[in-house]
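Reading through the structure tokens given below for one structure.
Predicted model only: the values in this text are computed from it and were never measured.
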Amino acid sequence: MAPPRSFLWSRRIFLTLLTGFVLVPVYVMLSSSLKPLADVTGTFRWLPTELTIRPYIDIWSTVPLGRYFVNSLIVAGAATVCSVVIAVFAAYAVSRYSFRGKRVFTVTVLSTQMFPGILFLLPLFLIYVNIGNATGIALFGSRGGLILTYLTFSLPFSIWMLIGYFDSVPRDLDEAALVDGCGPLGALFRVVVPAAVPGIVAVAVYAFMTAWGEVLFASVMTNDTTRTLAVGLQGYSTLNDVYWNQIMAASLVVSVPVVAGFLLLQRYLVAGLTAGAVK
């Protein structure tokens, strides 16, 4: 039975408004990034009177955007790799084995997501400073300290998500691998991990996006050398002026890796997030 025409028109109108709500800010960013600063700070016009690519050239010299870009890639990439590796082992153990405290562990891992990140800012700051004073290991103001910080947020959700995905992988695959002579680790890497690629990719995308755009901890735990992109964009606002066109250009450049990765891994991401929804 075909849906009524009123429903079809209502759906079209809603989707059109939703598309406009999403694309209009992107268009404003793109058009503003191609305008001279005087045009951006003046009366807003939907169609630029003058187009220039100068903001995309100046963003690299106004602030050390290249260094911030490298810092973000290192921090987000390392946090993603560590989160995925640890989450795979932890989730496999919880999914396949029974041990004392299993229920408490899973509930604790999930409950950490209920607390806002601001609650952990001061404790982590004090811990890093005290560790540095006692051992000489510089965690505060370093990339390593920021990577550990991001693990505290991405790892619990990654473990919880992979537990659900590993539960959807038939245990018969593990048993068949054990019969063929594989040990527990062999069954994990040769059978379970290949079958769980969509879930692992979804976890990796989540961990990378969490670390790439985080501002609160990056603004406190870094210095001029280790500053990331999310914090470095503030450098386009000075006491004398705000380079709005360069801010828009830099924002678009910063978004490219995340958007490109999301588009390339979209099918794995959807499959991973919907795992176990249909039995």
Side-chain angles (χ1 to χ4, degrees), residues 3-77 80 201-202 205-219 222 224 227-270 273:
R5 293 178 59 87
S6 59
F7 172 78
L8 295 177
W9 278 106
S10 299
R11 184 176 62 180
R12 292 169 183 170
I13 294 173
F14 175 77
L15 292 177
T16 301
L17 293 176
L18 182 61
T19 302
F21 181 78
V22 173
L23 294 182
V24 166
V26 177
Y27 171 76
V28 172
M29 290 179 59
L30 179 61
S31 62
S32 299
S33 67
L34 296 173
K35 295 178 181 179
L37 182 60
D39 290 353
V40 179
T41 56
T43 303
F44 176 76
R45 294 182 177 87
W46 288 100
L47 297 177
T49 56
E50 180 182 353
L51 294 178
T52 177
I53 62 171
R54 192 66 194 177
Y56 287 91
I57 301 175
D58 293 338
I59 57 175
W60 305 99
S61 57
T62 303
V63 301
L65 190 65
R67 185 173 66 200
Y68 299 158
F69 206 97
V70 172
N71 289 337
S72 291
L73 283 178
I74 293 175
V75 171
T80 300
V201 170
V205 172
Y206 166 78
F208 186 86
M209 293 179 64
T210 300
W212 186 263
E214 201 279 328
V215 176
L216 176 62
F217 287 88
S219 61
T222 59
D224 293 338
R227 189 166 295 161
T228 59
L229 283 171
V231 182
L233 293 179
Q234 300 175 2
Y236 294 104
S237 177
T238 65
L239 295 176
N240 298 323
D241 208 344
V242 179
Y243 302 100
W244 291 109
N245 54 347
Q246 295 186 36
I247 292 178
M248 299 301 176
S251 300
L252 291 173
V253 172
V254 168
S255 303
V256 168
V258 177
V259 174
F262 180 83
L263 293 177
L264 291 174
L265 303 174
Q266 183 179 10
R267 61 190 184 97
Y268 295 105
L269 182 62
V270 173
L273 293 176

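- Residue pairs satisfying the salt bridge (Lys or Arg N to Asp or Glu O under 4.0 Å) criterion with at least one member in residues 237-263, sequence neighbours excluded, are absent.
- The closest donor-acceptor contact from the side chain of N245 to the backbone of S32 lies at 3.5 Å or more, if one exists at all.
- Remark: the backbone N or O of F217 is paired with a side-chain donor or acceptor of E214 at under 3.5 angstrom.
- A distance-only check finds a donor-acceptor pair linking the side chain of T80 to the backbone of F208 [under 3.5 Å].
- Within the 3.5 Å criterion, the main-chain N or O of L216 finds a donor-acceptor partner in the side chain of S219.
- Minimum interatomic distance between E50 and P36 (heavy atoms only, all atoms of both residues): O-CD, 3.6 Å.
- The CH2 atom of W9 sits 7.5 Å away from atom CD1 of I13, with the distance rounded to the nearest 0.5 Å.
- Between T52 and L34, every side-chain heavy-atom pair lies at or beyond the 4.5 Å cut-off.
- Environment of CE in M209: sparse, with no more than 12 heavy atoms of neighbouring residues, nucleotides or ligands closer than 6.0 Å.
- Residues M248 and M29 come closest through the heavy atom pair CB-O, 3.5 Å.
- Contact detail for A249 and I59: the closest heavy-atom pair is CB-CG2, 4.1 Å.
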Donor-acceptor pairs under 3.5 Å, side chain of residues 38-48 to any protein atom, not counting sequence neighbours: which ones?
| from | atom 1 | to | atom 2 | distance (Å) |
| --- | --- | --- | --- | --- |
| D39 | OD2 | T49 | OG1 | 3.4 |
| T41 | OG1 | L37 | O | 3.0 |
| T41 | OG1 | A38 | O | 3.3 |

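- Within the 3.5 Å criterion, the main-chain N or O of S33 finds no donor-acceptor partner in the side chain of Y56.
- Here the side chains of S251 and L233 are in contact, with some heavy-atom distance below 4.5 Å.
- Other residues, nucleotides and ligands contribute at most 12 non-hydrogen atoms within 6.0 Å of the CD1 atom of I53.
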Using residues 62-76 as the side-chain source, report each donor-acceptor pair under 3.5 Å to any protein atom, sequence neighbours left out, with the distance given to one decimal.
| from | atom 1 | to | atom 2 | distance (Å) |
| --- | --- | --- | --- | --- |
| T62 | OG1 | D58 | O | 2.9 |
| T62 | OG1 | Q246 | OE1 | 2.6 |
| R67 | NH2 | D224 | O | 3.1 |
| N71 | OD1 | R143 | NE | 3.0 |
| N71 | OD1 | R143 | NH2 | 2.6 |
| N71 | ND2 | R67 | O | 3.3 |
| N71 | ND2 | T225 | O | 2.9 |
| N71 | ND2 | R227 | O | 2.9 |
| S72 | OG | Y68 | O | 3.2 |
| S72 | OG | L229 | N | 2.8 |

